Amino acid sequence: MRADTDGIFSPPPMDSNVAVSIVDDDIDVRRAINLLVRSASLPTQVFASATEYLQSEQFDTTACLVLDVRMPGMSGLQLQQELIARGVDIPMVFISAYDGIASASTAMRRGAVDFISKPFEPQVLIQRIHEAINRDRRARAKRAQRKQVESRISNLTAREYEVMTHLCNGDSTKVIASKLNISPKTVDNHRTQVFDKMQVDNAAQLVLLTSLHEMSD
């Protein structure tokens, strides 16, 4: 996918096989939220406990996690912490019948989209869910972008990678040739291969592509 004037590359289409995962031990609340979310034309997955959600391992298909704070066994905050420990990045919207400042602070500090008190305004919850889905969409796009860049880099030879590093540092052909103890013509040949394999047209695009990759670490 060759870079163009609109950017380094066009992002891949987003995975449509995702849903809003609802975790609440109260069956009435669970059903109510499920109906509300589905009324907004959003697919859902429903779980009666944090443990059930973990065991399902439906992480890749969750675009937003709506969960209660206080539940028997593992709490919503404990589920959040466990997912973080596993390196799972899912936008979360917490709901709670208790206005616990400490719990809300903890949830938000760990990256939750919002902490909503019960009873909640349906439109507010839907709005926060949409915010979470948008955050998830951006995160998935960045992960896909990173995989594309990593795939391109993996096709470089060791010498091509060295040349790419020097190009990104702004070194000229003569400087690179001197540093690597090779001829300027050889550097130019490697540069051509680097541009082709990285699917860019110039050094500026190469720098931007590799910087985007570094920022995703």
Side-chain angles (χ1 to χ4, degrees), residues 11-147 215-217:
M14 295 306 301
D15 181 7
S16 60
N17 188 31
V18 294
V20 176
S21 292
I22 301 165
V23 183
D24 198 304
D25 64 294
D26 188 318
I27 187 171
D28 292 330
V29 173
R30 200 163 62 240
R31 286 175 175 172
I33 296 176
N34 185 46
L35 289 173
L36 173 64
V37 176
R38 285 188 172 276
S39 72
S41 300
L42 296 172
T44 60
Q45 300 175 137
V46 181
F47 304 89
S49 69
T51 300
E52 182 182 334
Y53 177 73
L54 280 177
Q55 292 176 342
S56 74
E57 297 187 345
Q58 296 297 315
F59 310 140
D60 288 340
T61 60
T62 299
C64 169
L65 187 58
V66 179
L67 67 164
D68 195 5
V69 175
R70 296 192 181 186
M71 293 182 286
M74 178 179 285
S75 70
L77 290 176
Q78 288 173 328
L79 173 59
Q80 182 188 38
Q81 184 59 39
E82 178 62 25
L83 290 174
I84 291 173
R86 296 189 186 192
V88 178
D89 181 20
I90 299 175
M92 303 180 191
V93 177
F94 283 88
I95 55 175
S96 176
Y98 308 92
D99 296 322
I101 296 177
S103 295
S105 177
T106 298
M108 299 301 291
R109 187 172 63 251
R110 293 175 180 169
V113 174
D114 205 349
F115 190 100
I116 303 174
S117 299
K118 298 178 183 176
F120 52 81
E121 290 291 333
Q123 190 55 41
V124 171
L125 179 58
I126 291 299
Q127 182 179 349
R128 296 299 181 267
I129 289 174
H130 278 298
E131 290 174 10
I133 291 173
N134 288 334
R135 181 189 293 187
D136 178 73
R137 183 179 292 112
R138 292 191 296 269
R140 288 175 188 268
K142 288 181 179 179
R143 289 195 292 269
Q145 179 187 76
R146 178 176 180 175
K147 287 182 179 180
M215 284 190 295
S216 67
D217 290 333

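Since this is a predicted model, take the numbers as computed values, not measurements. By convention here, the first residue in the shown sequence is residue 1.
- Interatomic distance, CG of D114 versus CE of M108, reported as 5.5 Å (0.5 Å rounding).
- The backbone N or O of Q58 sits less than 3.5 Å from a side-chain atom of T62, completing a donor-acceptor pair.
- Across M71 and D25, no two heavy atoms sit closer than the pair CG-OD1, 3.3 Å.
- Side-chain contact between V20 and I133: present, with at least one pair of heavy atoms (C-beta onward) separated by less than 4.5 Å.
- Heavy atoms only, all atoms of each residue included: S75 and V69 are closest at CB-O, 3.3 Å.
- At a threshold of 4.5 Å between non-hydrogen side-chain atoms, the residues D68 and V29 do not count as touching.
- The distance from atom CZ of F120 to atom CG of L36, rounded to the nearest 0.5 Å, is 6.5 Å.
- Between Q80 and L65, the closest side-chain pair of non-hydrogen atoms is not below 4.5 Å.
- Inspection of the N134 and R137 side chains reveals an N or O donor paired with an N or O acceptor under 3.5 Å.
- Of all the heavy atoms in R140 and D60, the pair that sits closest is NH2-O, 2.7 Å.
- Every residue two or more places apart in sequence or in another chain that forms a side chain to side chain contact (heavy atoms under 4.5 Å, CB included) with A132 is listed here: C64, P91, V93, V113.
- D26 and K118 are not joined by a salt bridge, as no carboxylate oxygen comes within less than 4.0 angstrom of a charged side-chain nitrogen.
- Summarising the geometry, atom CZ belonging to R86 is positioned 6.5 Å from atom CD belonging to E57; distances are rounded to the nearest 0.5 Å.
- Salt-bridge annotation for E131 and R135: absent, with no side-chain N of the basic residue lying under 4.0 Å from a carboxylate O of the acidic one.
- Note that CD of Q81 and CE of M74 are 10.5 Å apart. Values are rounded to the nearest 0.5 Å.
- Taking the six-membered ring where tryptophan is involved, the planes of F94 and F115 are essentially parallel, since the angle between them stays under 30° and well short of 60°.
- Residues R38 and L35 are not in side-chain contact: their nearest non-hydrogen atoms beyond the backbone lie 4.5 Å or more apart.
- Taking R143 as the reference, nothing meets the side-chain hydrogen bond (donor to acceptor under 3.5 Å, both in side chains) condition, with sequence neighbours excluded.
- In this structure the side chain of L77 reaches within 4.5 angstrom of the side chain of R110, judged on heavy atoms.
- In terms of heavy-atom proximity, I116 sits nearest to R128 at CD1-CG, 3.9 Å.
- Listed here is the closest heavy atom pair of F59 and L54: CZ-O, 3.9 Å.
- Once rounded to the nearest 0.5 Å, the distance linking CG of D24 with CD1 of I95 reads 5.0 Å.
- For the atom pair CD1 of I90 and CG of L79, the computed distance is 8.0 Å after rounding to the nearest 0.5 Å.
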